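In what follows, a single structure is set out as structure tokens and then discussed.
Not measured: the values here are computed from a predicted model. Here is how names work: the chains are called A, B, and so on, in the same order as the sequence lines, proteins then strands, and each is numbered from 1.
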Number of protein chains: 2
Amino acid sequence: MTTLPPLSASAKADPAAVQAFPNARKIYQTGSRPDIRVPFREISQHATPDVDGEEPNPPITVYDTSGPYTDPDVIIDIRKGLAEVRTPWIDERDDTERLPGPSSAFGQARRHDPATDALRFDLKRLPRRAIAGRNVTQMHYARRGLVTPEMEYVAIRENLRRDAYLDSLKALGQKGERMYRQLTREHPGAPLGASIPTIITPEFVRDEIARGRAIIPANINHPELEPMIIGRNFLVKINANIGNSALQSDIAQEVEKMTWATRWGGDTVMDLSTGKNIHETREWIIRNSPVPIGTVPLYQALEKVDGKAEDLTWEIFRDTLIEQAEQGVDYFTIHAGVRLPFIPLTAERLTGIVSRGGSIMAKWCLAHHRESFLYERFEEICEIMKAYDVSFSLGDGLRPGSIHDANDEAQFAELRTLGELTQIAWKHDVQVMIEGPGHVPMHLIKQNMDEQLKHCHEAPFYTLGPLTTDIAPGYDHITSGIGAALIGWYGTAMLCYVTPKEHLGLPDKKDVKDGIITYKIAAHAADLAKGHPGAAIRDNALSKARFEFRWEDQFNLGLDPDTARDFHDQTLPKAAMKTAHFCSMCGPHFCSMKITQDVREYAAGRGVEAEKALQLGMQEKAVEFVKQGKQLYSRAK
Amino acid sequence: MTTLPPLSASAKADPAAVQAFPNARKIYQTGSRPDIRVPFREISQHATPDVDGEEPNPPITVYDTSGPYTDPDVIIDIRKGLAEVRTPWIDERDDTERLPGPSSAFGQARRHDPATDALRFDLKRLPRRAIAGRNVTQMHYARRGLVTPEMEYVAIRENLRRDAYLDSLKALGQKGERMYRQLTREHPGAPLGASIPTIITPEFVRDEIARGRAIIPANINHPELEPMIIGRNFLVKINANIGNSALQSDIAQEVEKMTWATRWGGDTVMDLSTGKNIHETREWIIRNSPVPIGTVPLYQALEKVDGKAEDLTWEIFRDTLIEQAEQGVDYFTIHAGVRLPFIPLTAERLTGIVSRGGSIMAKWCLAHHRESFLYERFEEICEIMKAYDVSFSLGDGLRPGSIHDANDEAQFAELRTLGELTQIAWKHDVQVMIEGPGHVPMHLIKQNMDEQLKHCHEAPFYTLGPLTTDIAPGYDHITSGIGAALIGWYGTAMLCYVTPKEHLGLPDKKDVKDGIITYKIAAHAADLAKGHPGAAIRDNALSKARFEFRWEDQFNLGLDPDTARDFHDQTLPKAAMKTAHFCSMCGPHFCSMKITQDVREYAAGRGVEAEKALQLGMQEKAVEFVKQGKQLYSRAK
């Protein structure tokens, strides 16, 4: 079933991925050097009609993960991959060397296997590795006080051009004063220990990375990457999983899912392929991906031993790490916390070990009745990671697979081990994040975050969901979106999405989008709850558009303009209706927003009358209205 | 566009609403008298194959809101309406009388208007009212110490036949011990002040109603109703809104939406129609509804004055209350907390007054510059309510319409007023619940619950969402599902659903179902978090089915078997695949659940080996495995 992307046709990307967003444009903010060009999406708005004519509504800048695909000035050719934005930065650091070719045995074998000729991405350049004795991780640079271009890039990215927006509001002058006040207003957050500065500086980024509290997953062999940061004191991020299995999907489809996932807001993408040709599939994905790519190398290692967990060896696993590191994978899930003595702790579980990686390692440990080679060889793994700057995503192989099994001793024993491993990785200056559950009822979610912060020394938490109930197969994007919003608020740095197909089948493009949008909601709800500076700007702008019946602006400022427009058009299809001062819920005659506008006008009218009365010396009458409000206010307190 | 349900055809209900649930049957539990027959859905499960042959999995009983539609022994004819289950109970109380006909002017006019002949539901019986001087509310009975059949009914309903399930597990004998332990296990909850007994007795129900902490919305003119209870110490409920507008929908469609909403779990339904013929639409809905019907009488009153809020009068409103009470509406949303002095408090809002009822009353108050007639006439309204046992749903007319406006003084001033009104209603023994927001970021939700409990004396809270962000039009079932789960955990008794079409258009059947399932998830996640006794039984059973690859059972135990099955079949369509011991995510060769089963068998095998070793006197070797586990356990503590 695996097929080559038809090269003549798919030199172009999926047309759906390159379509412009409505009334929006791709913009770049340049950093301290011209090759730091940070992408954003700028959404224009229509003006609000008022008595004097029109009151302009300044454009809104939003975070943009869609990469060059949505830049009309870039010619996309997926056979060639994306442009290498990071190459000058890596070159300048002068601590890496080009290898004569892939150094993994598997990478070499695939390269010379004629059977893969037709599938192979035609990469002209050679892989890079750190010069012997050098450490090329962002953490290493950060700890030596170096602010890398990657760090400056993410600092600019996190600030979302808020200054430009505030300036454009200020430029409206006196007339815009109320707008400024309303559109920039945010509730004080409940950060629960997070400490997010109003302006993210490159130095702050450096400091957070040096402390291990944030990571920039950025393999030196993924120069196409647009750097992003994962940490509790930054915007909450989301990951989308893609990947084929032995049963379904092909290379072109997976590249399409990746561009689709990043279009809608995937901050990173994990390629969890387990079928054939995963080496080649991965190459196509990475070469065309503007976001960090994560993998679980154990899956491929298992393929190499024909699915027999007990036949796995450190040598095969090691070769797989090098193979993937040289392709440019940005982070590896490593289930090094599944230790032999923890396995019996799962015996009384309802759903045993549900993590694929966890169950493979458990089977291996039991088969040989010995400690996990991932745990025993952890320092050797660190040596590989730091030669390419691959970040750890320390896997939770013993995560609960049901509400019943949540927060049990197996899970927390593993978590504490991940904390130990974090300190070993940090000794090597290797970047680390920690994976988390799983299935957890709402009231037990906080404990997961607290334990993680305590035992893993504030390394970023990266959680799957958690699902807050087991009773809704087909809707687990929602059961888990609830848990994701909560744990995001509590401090999780990146939320791994769950699609509606979870537990049931492989997600198609619709499922990927549903998962992404649900998790963008969860992440943003978390940002609002934490009081992330500026997070409410988009909510405020959209609500103003909604209140003013600027339908198009309401659609365009939302996470998914296409669906919003489509839903609206189902009831009120006529174009004229999009500027109508009512909506389909109540009809033209009976609209609460319309009535509120009338109320405002009425109140404003009374204000004018009050002023007149005041000029005529009728003070008592003039203050009547205002007084009533004030009395109420003080009484109500 | 309004059309009569084609009588010949729609004598039958919507075929989708009467379809049996897969591998499930309708059962009734009889109470202390034969006419108390409480409906449930019982879902059968397949056995688990094991070494001895098979281990049976007892059936699971779930709450059933679908009414007689899913009872194959009942012949449905929507021209006749549902059977009158409550009539004997109401008769026996001997405190009501039949009226000669509708006593509202409007009801009489419509009855004799030939233009409505073709639309009219042919109701043979006459409306009831309390005998002069009598009070027929459930609260009145409760306070006098009377346990009504309605109270016994809901007590049985809330217990979900848990005893029968426990008995069937116990009947499995020694073999079933582990199953019993696992399937009944629940995490201790975080009830945050809720106090839910393990077994709900009729006396407990009576006491909760007497205290005002729960309500049974049950108009004496809605004898078709299957009683249900709304209160913090009971299962969290959900409401579905339906209703046509001037632009869309007809009577048959609305009846269909009601049966569709109750099929999927709507505990109550609000008819928010604002178009033409809303009197007749409502009659059809109530006569065919097994769940309580709520309305906002103000909407119809406004229709009667051609949409001009300032033309509303107490007399028109009063006549509307009586009209609807005599049709059998079970609860009225009354926006009596929108007081004149609160209106200026909304002037600095971003989205003003977004509640329809709130904006109508605000407009009226400003137009006349006088206090709301709903507030001033509140005792008179109570007199009407208690003559029919219509419950109050005290409306939050000043709820926030955006994150920006959450938890402001306007909102809380109104909430405190609703608390005052609650005490007035209780003086009349009229049942009350309190409506809540709206749009609220996650970290400000708890304050809403705390303020409500404090100022409204623990009257049940009934909230819309709340939506936790404004940026996802088209996905507001999800933005609000997050908030609903949270506030349900915190103590809200009923969650008013939001559909994907919120802010954009009128929901169709797909939207209604999406909204319902999302809110069933939120309500159940809240029950789990509160530690509702027995709430985890369904999660545990479904997770066991999932772990054992009992695909059909996994689908059938879920909230939406159809969608789960459909999603599964998209990837693995063959019937044989439904019994396959793997799933499409990983393929046949590579499945974590399969591996875990192997691990268990392996571990069990070692147990046998250990026993053998023990018999041979090799104690040290025998305990090696077990010891490792124990050491870990104590170390990890």
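- In this structure, the portions of B:Ile403 lying under 4.5 Å from any heavy atom of chain A include both its backbone and its side chain.
- Of the two parts of B:Ile517, only the side chain, counted from C-beta on, holds a non-hydrogen atom closer than 4.5 Å to a non-hydrogen atom of chain A.
- Rounding to the nearest 0.5 Å gives a distance of 9.0 Å between CZ of B:Arg546 and OG1 of A:Thr351.
- Between the side chain of B:Arg538 and the backbone N or O of A:Ile471 there is no donor-acceptor pair closer than 3.5 Å.
- Each of A:Gly481, A:Cys365, A:Ala406 has some count of heavy-atom pairs under 4.5 Å with chain B, and the biggest count is that of A:Ala406.
- Taking A:Gly358, A:Pro441, A:Gly474, A:Ala526 one by one and counting their heavy-atom pairs under 4.5 Å with chain B, the maximum is reached by A:Gly474.
- Taking B:Ala525, B:Ala529, B:Gly558 one by one and counting their heavy-atom pairs under 4.5 Å with chain A, the maximum is reached by B:Ala529.
- The choice from A:Leu467, A:Asp511, A:Asp405, A:Thr468 that makes the most heavy-atom pairs within less than 4.5 Å of chain B is A:Thr468.
- Not counting sequence neighbours, the partners of B:Lys544 by the salt bridge (Lys or Arg N to Asp or Glu O under 4.0 Å) test are B:Glu55, B:Glu548.
- Within the 4.5 angstrom heavy-atom criterion, only side-chain atoms of A:Leu444, from C-beta onward, approach chain B.
- Atom NE2 of B:His187 is separated from atom CG of A:Asn407 by 7.0 Å, given to the nearest 0.5 angstrom.
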>> Using the rule given for side chain to side chain contact (heavy atoms under 4.5 Å, CB included), can you reason through A:Lys501 versus B:His568, listing the C-alpha separation, both sets of side-chain angles and the distance that settles it, and then say yes or no?
In response: CA-CA 8 Å; A:Lys501 288 268 171 65; B:His568 177 266; over 6 Å; no

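- Minimum interatomic distance between B:Gln182 and A:Arg349 (heavy atoms only, all atoms of both residues): NE2-O, 2.9 Å.
- Of all the heavy atoms in A:Leu504 and B:Phe567, the pair that sits closest is CD1-CB, 3.8 Å.
- Taking both residues in full, the closest heavy atoms of B:Ala564 and A:Pro473 are given as CB-O, 3.7 Å, listed atom of the first, atom of the second, then distance.
- With chain A as partner, the option from B:Ile521, B:Asp562, B:Thr479, B:Asp566 having the largest number of non-hydrogen pairs under 4.5 angstrom is B:Ile521.
- Both the backbone and the side chain of A:Pro500 come within contact range of chain B, with heavy atoms under 4.5 Å apart.
- Neither the backbone nor the side chain of B:Pro561 comes within less than 4.5 Å of any heavy atom in chain A.
- Only the backbone of B:Pro188 comes within less than 4.5 Å of a heavy atom in chain A; its side chain stays farther off.
- A distance-only check finds no donor-acceptor pair linking the side chain of B:His524 to the backbone of A:Asp470 [under 3.5 Å].
- Atom NE2 of A:His503 and atom CD of B:Gln554 lie 7.0 Å apart (nearest 0.5 Å).
- In terms of heavy-atom pairs under 4.5 Å with chain B, the best-connected choice from A:Leu542, A:Asp560, A:Asp539, A:Leu272 is A:Asp539.
- No donor-acceptor pair under 3.5 Å is formed between the side chain of B:Gln570 and the backbone N or O of A:Gly505.
- By the side chain to side chain contact (heavy atoms under 4.5 Å, CB included) test, A:Thr518 is found to be paired with A:His477, B:Ile478, residues two or more places apart in sequence or in another chain being considered.
- Panel note: side chain A:His443, backbone B:Gly531; no donor-acceptor pair is recorded below 3.5 Å.
- With chain B as the partner, the residue from A:Arg181, A:Glu186, A:Lys520 showing the most heavy-atom pairs under 4.5 Å is A:Arg181.
- Neither the backbone nor the side chain of B:Ala484 comes within contact range of chain A; no heavy atom of the residue lies under 4.5 Å from a heavy atom of that chain.
- Of the two parts of A:Ala535, neither the backbone nor the side chain holds a non-hydrogen atom closer than 4.5 Å to a non-hydrogen atom of chain B.
- For a residue to count as touching a neighbouring chain, one of its non-hydrogen atoms must lie under 4.5 Å from one of that chain's; by this rule B:Asp508 touches chain A with the side chain only.
- Nearest heavy-atom pair, B:Ser543 versus A:Leu350, reported as atom, atom and distance to 0.1 Å: CB-CD2, 3.9 Å.
- Remark: side-chain polar atoms of B:His404 are not paired, donor with acceptor, to backbone N or O of A:Arg185 under 3.5 angstrom.
- For B:Asp514, the part lying under 4.5 angstrom from a heavy atom of chain A is the side chain only.
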> Can you check side chain to side chain contact (heavy atoms under 4.5 Å, CB included) on B:Tyr475 and A:Thr563, steps first, answer last?
Replying inline: CA-CA 9 Å; B:Tyr475 297 83; A:Thr563 297; 3.6 Å; yes

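- Neither the backbone nor the side chain of B:Ala536 comes within less than 4.5 Å of any heavy atom of chain A.
- If you measure heavy-atom distances from A:Leu528 to chain B, the contacts under 4.5 Å come from both the backbone and the side chain.
- Closest of all the heavy-atom pairs between A:Ile482 and B:Ala522 is CD1-CA, 4.4 Å.
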